[in-house]
2 protein chains.
Amino acid sequence: MKVDVSEIKCIDEKTVEEVKSLMLSDEEIFTISDNFKVLGDPTRIRILYALTQKELCVCDLAAVLQMSQSAISHQLRLMRSKKMVKYRKDGKMAYYSLADEHVIKFVEMGVEHAKEIQ
Amino acid sequence: MKVDVSEIKCIDEKTVEEVKSLMLSDEEIFTISDNFKVLGDPTRIRILYALTQKELCVCDLAAVLQMSQSAISHQLRLMRSKKMVKYRKDGKMAYYSLADEHVIKFVEMGVEHAKEIQ
DNA sequence: CTTTCATATGAATACATGTTCATTTATACA
DNA sequence: TGTATAAATGAACATGTATTCATATGAAAG
């Protein structure tokens with residue numbers, strides 16, 4: 001990262017210091033972008049949207065999305081680690097659902113916004 | 001994509017058909033995930049968050065984030081194309097700001113959620 | 001115990017993407 | 001007109017990541 005601020009002449013020092021002081025910590029920034037990153041993939045959005053309708057097992061999700069069990073399972077693992085989905089085991093099956101209201105809200109907002117901008 | 005649904009025995013046909021019929025179109029899915037994808041990068045979140053404070057020119061943003069003018073400019077271009085930021089030209093300078101209330105809302109929600117989960 | 005089936009997972013691959021570097025465009029001003 | 005500065009852009013490179021393939025785990029049924 002080559003940053004030689006001294007070579008830039010147009011900087012409004014006061015503004016920069018003011019905004020800098022209001023910035024979030026790196027940790028907060030990473031948490032925020034990491035959460036959005038999970039929502040930034042079509043397969044994961046399809047999984048999450050399907051789960052807003054109903055609790056589903058891995059093979060049902062695979063059938064709904066017409067994708068391999070493995071691909072779905074990998075994505076579910078990622079979303080489990082990011083606390084976006086939870087699951088319960090019933091024999092051989094694993095039933096997945098959305099982790100909490102936040103996730104529902106994010107998906108709803110995404111759908112709503114997409115419909116508005118066409 | 002190898003999908004041989006006929007080999008999977010555990011599928012609940014009724015559930016699958018029901019959820020399938022409720023699914024969004026590919027276009028809607030891509031629009032949604034594409035929007036979230038923009039928010040899924042720490043640099044872009046930092047830019048957007050800075051812009052929630054104040055309209056800023058490219059070099060001020062570079063100074064605030066301690067990054068190169070080029071890196072910032074590339075990201076701004078992407079966010080312009082996704083209609084997340086807008087800008088006005090004033091001489092040599094280009095002043096950027098958030099495109100609309102939706103963007104502010106998304107950023108706010110991201111921050112809020114991140115603070116809640118620590 | 002063995003087989004079958006649902007799910008999980010590790011490694012490999014193919015593709016996407018963020019930053020840098022070099023350069024161009026456009027405006028201000030001397 | 002020529003120089004300096006802010007911003008934009010294209011290409012290249014390095015890194016990240018989604019899916020596939022092969023295989024492992026674990027539960028149910030025979």
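This one's a predicted model, so the numbers in the text were calculated from it and none came from an experiment. Reminder, nothing fancy here: chain letters follow the sequence lines and each chain counts from 1.
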What is the distance, to the nearest angstrom, from the [atom1] atom on [X] to the [atom2] atom on [N]?
X	N	atom1	atom2	value
A:Leu78	D:dT19	CG	P	11 Å
B:Leu56	D:dA7	CG	C1'	15 Å
B:Lys37	D:dT17	NZ	C1'	10 Å
A:Leu65	D:dT20	CG	C1'	16 Å
B:Met93	C:dC29	CE	C1'	15 Å
B:Lys82	C:dG18	NZ	P	11 Å
B:Phe36	C:dA16	CZ	P	22 Å
B:Asp90	C:dA26	CG	C1'	14 Å

How would you summarise protein contacts on nucleotides 8-14 of chain C per nucleotide, using B for base, S for sugar-phosphate only and - for none, with heavy-atom distances below 4.0 Å? BBBB---
Side chains of [X] and [Y]: closer than 4.5 Å at any heavy-atom pair?
X	Y	value
A:Val103	A:Met79	no
B:Asn35	A:Ile117	yes
B:Arg46	B:Leu61	no
B:Met84	B:Leu39	yes

Does A:Lys37 have any salt bridge (Lys or Arg N to Asp or Glu O under 4.0 Å) partners at least two apart in sequence or in another chain, and if so, which? none
Contacts of B:Glu18 meeting salt bridge (Lys or Arg N to Asp or Glu O under 4.0 Å) (sequence neighbours excluded), chain-then-number -> A:Lys54
Does a nitrogen or oxygen in the side chain of B:Lys92 sit under 4.0 Å from OP1 or OP2 of C:dT25? no
Where along residues 39-49 of chain B does a heavy atom come under 4.0 Å from DNA chain C, residue by residue in number order? B:Asp41, B:Thr43, B:Arg44
Is there any salt bridge (Lys or Arg N to Asp or Glu O under 4.0 Å) pair reaching into residues 84-96 of chain A, and which pairs are they, with sequence neighbours excluded? A:Glu55-A:Arg88
Return the 5'-most residue of the pair A:Gln75, A:Gly91 with respect to DNA chain D, ranking by each residue's nearest nucleotide. A:Gln75
Regarding B:Cys10 and A:Cys57, I want to know if their SG-SG distance comes in below 2.5 Å, which is how I'm defining a disulfide. no
Of all residues at least two apart in sequence or in a different chain, which pass the side chain to side chain contact (heavy atoms under 4.5 Å, CB included) check with A:Ser81? A:Leu78
